[in-house]
Amino acid sequence: MDTSDRTQWLQENTSLSALPNEVLQAIAARIEPITVQENRRLVLEDTQPPALYFLRQGRMERYRTQADTAAETISLLPGTVLYLQELLLGQPAEHTTITLSDCELWQIPRAAFLELVDAHPIISRTFSQQLASELRQMADQLAQEQTRQAELRPYLVPKVRRGIIGSSRYAVRLRK
């Protein structure tokens, strides 16, 4: 697959489609195809990802096992961009990623990707805009949930007293 085919695939299948074509071409030129066998860990959580990955074919899953958060598992489909946020922000991986089938991945080693980011600042700007959009959506969801809770608060049933409740003759007899 040549650079133009890779560029078109990135444009059609990934979240990087918001980037200009010339930036996608620069990214496509740095791609190194790799194959990872089934049931292999790609990156462990709390470690620095060695590269930016694109899931080209196959099935993967990512999960988090930190004790202070709820366990979560997310299935990944072709077109998923892995570790973009971590590389741009210099953070460790939040999830462990494992292959569920033999997978074809495209990778750009960390150093090469950071060179691309330095050469094309629009990558960081676009990512920042995407994060800001996600933050707005989360804020809207939070506001809706707070409104919902306020509306439901009058219907909150107080804690029931222990024992038999009611004033019917059967309840009175049971209490005696």
Side-chain angles (χ1 to χ4, degrees), residues 6-31 36 41-100 103 105-156:
R6 287 179 182 166
T7 302
Q8 183 177 357
W9 190 88
L10 290 169
Q11 180 76 37
E12 293 173 355
N13 296 293
T14 70
S15 59
L16 300 181
S17 60
L19 293 173
N21 201 36
E22 67 182 46
V23 176
L24 287 176
Q25 288 173 350
I27 290 171
R30 297 283 185 104
I31 287 176
V36 181
R41 287 190 192 131
L42 187 62
V43 176
L44 294 172
E45 65 186 89
D46 296 326
T47 63
Q48 291 294 324
L52 177 70
Y53 298 96
F54 303 93
L55 178 55
R56 174 91 169 103
Q57 291 180 342
R59 292 183 316 121
M60 298 179 78
E61 181 177 270
R62 70 179 187 189
Y63 59 89
R64 182 184 304 191
T65 59
Q66 295 175 349
D68 61 340
T69 59
E72 65 176 29
T73 302
I74 301 169
S75 294
L76 305 174
L77 300 172
T80 301
V81 180
L82 298 162
Y83 304 111
L84 177 64
Q85 175 178 331
E86 288 83 351
L87 291 173
L88 286 173
L89 300 178
Q91 298 176 335
E94 292 182 1
H95 299 89
T96 296
T97 306
I98 188 170
T99 57
L100 300 176
C103 293
L105 297 167
W106 288 348
Q107 73 173 3
I108 301 175
R110 173 199 300 271
F113 179 68
L114 294 177
E115 287 174 10
L116 281 170
V117 171
D118 288 342
H120 303 281
I122 193 163
I123 296 172
S124 294
R125 281 196 308 270
T126 302
F127 176 71
S128 296
Q129 290 169 352
Q130 288 175 348
L131 280 180
S133 174
E134 288 177 24
L135 184 59
R136 279 192 300 275
Q137 289 174 353
M138 294 295 261
D140 290 345
Q141 287 176 349
L142 177 61
Q144 288 175 354
E145 185 61 28
Q146 288 172 334
T147 302
R148 183 175 162 268
Q149 286 180 3
E151 290 171 353
L152 293 175
R153 194 164 289 124
Y155 300 104
L156 190 65

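Here the side chains of W106 and R6 are in contact, with some heavy-atom distance below 4.5 Å. Using a 4.5 Å heavy-atom cutoff, the side chains of L84 and F113 are in contact. Using a 4.5 Å heavy-atom cutoff, the side chains of R62 and I98 are not in contact. Looking only at side-chain heavy atoms (C-beta outward), F54 and T80 stay at 4.5 Å or farther from each other. Looking at heavy atoms from C-beta onward, M60 lies in side-chain contact with L105 at the 4.5 angstrom threshold. With contacts defined as side-chain heavy-atom distances shorter than 4.5 Å, the pair I108/I27 qualifies. S124 places a side-chain heavy atom less than 4.5 Å from the side chain of L88. The side-chain heavy atoms of V81 and S15, taken from C-beta on, include a pair separated by under 4.5 Å.
Taking every heavy atom of both residues into account, Q48 and Q91 meet most closely at OE1-O, 3.5 Å. In plain terms, the two heavy atoms of E61 and L100 that are nearest each other are CB-CD1, 3.8 Å. Scanning all heavy atoms of the two residues, the minimum distance from P109 to A51 falls at CA-CB, 3.8 Å. Closest non-hydrogen pair, A93 versus P49, comes out as N-CD, 4.0 Å. Closest approach of L82 to L52, counting heavy atoms only: O-CD1, 3.3 Å. In terms of heavy-atom proximity, P121 sits nearest to D118 at CD-O, 4.1 Å.
R136 contributes atom CZ, which lies 13.5 Å from atom CE of M138 (distance to the nearest 0.5 angstrom). Here CD of E22 is found 11.5 Å from OG1 of T7. Values are rounded to the nearest 0.5 Å. Here the straight-line distance linking atom SG of C103 with atom CG of L76 works out to 9.0 Å at 0.5 Å rounding. A distance of 5.5 Å separates CG in L87 from CZ in R110, rounded to the nearest 0.5 Å. One finds the CZ atom of F127 at 10.5 Å from the CG atom of L16 (value rounded to the nearest 0.5 Å). Residue R125 holds its CZ atom at 10.5 Å from CG of L19, rounded to the nearest 0.5 Å.
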Run the side chain to side chain contact (heavy atoms under 4.5 Å, CB included) check on L42 and Y53 step by step: do they pass? CA-CA 10 Å; L42 187 62; Y53 298 96; 3.9 Å; yes
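A side-chain donor-acceptor contact under 3.5 Å links T96 to the backbone of E45. No side-chain donor-acceptor contact under 3.5 Å links S133 to the backbone of Q129. Here the side chain of T126 pairs a donor or acceptor atom with the backbone of I122 at under 3.5 angstrom. Using modelled atom types, one side-chain atom of Q11 and one backbone atom of S17 make a donor-acceptor pair closer than 3.5 Å. Looking only at distances, no side-chain donor or acceptor of R59 sits under 3.5 Å from a matching main-chain atom of L77.
Side-chain contact check for Y83 and T97: at least one donor-acceptor pair (N or O, by modelled atom type) lies under 3.5 Å. Looking at Q141 and Q137, their side chains never bring a donor and an acceptor atom within 3.5 Å of each other.
Qualifying side-chain contact (heavy atoms from CB on, under 4.5 Å) partners for E145, counting only residues two or more places apart in sequence or in other chains: R148, Q149.
Note on E94 versus R64: salt bridge recorded, some NZ/NE/NH1/NH2 to OD/OE distance being below 4.0 Å. The pair R30-E115 meets the salt-bridge criterion, with a side-chain N (NZ, NE, NH1 or NH2) lying under 4.0 Å from an Asp/Glu carboxylate O.
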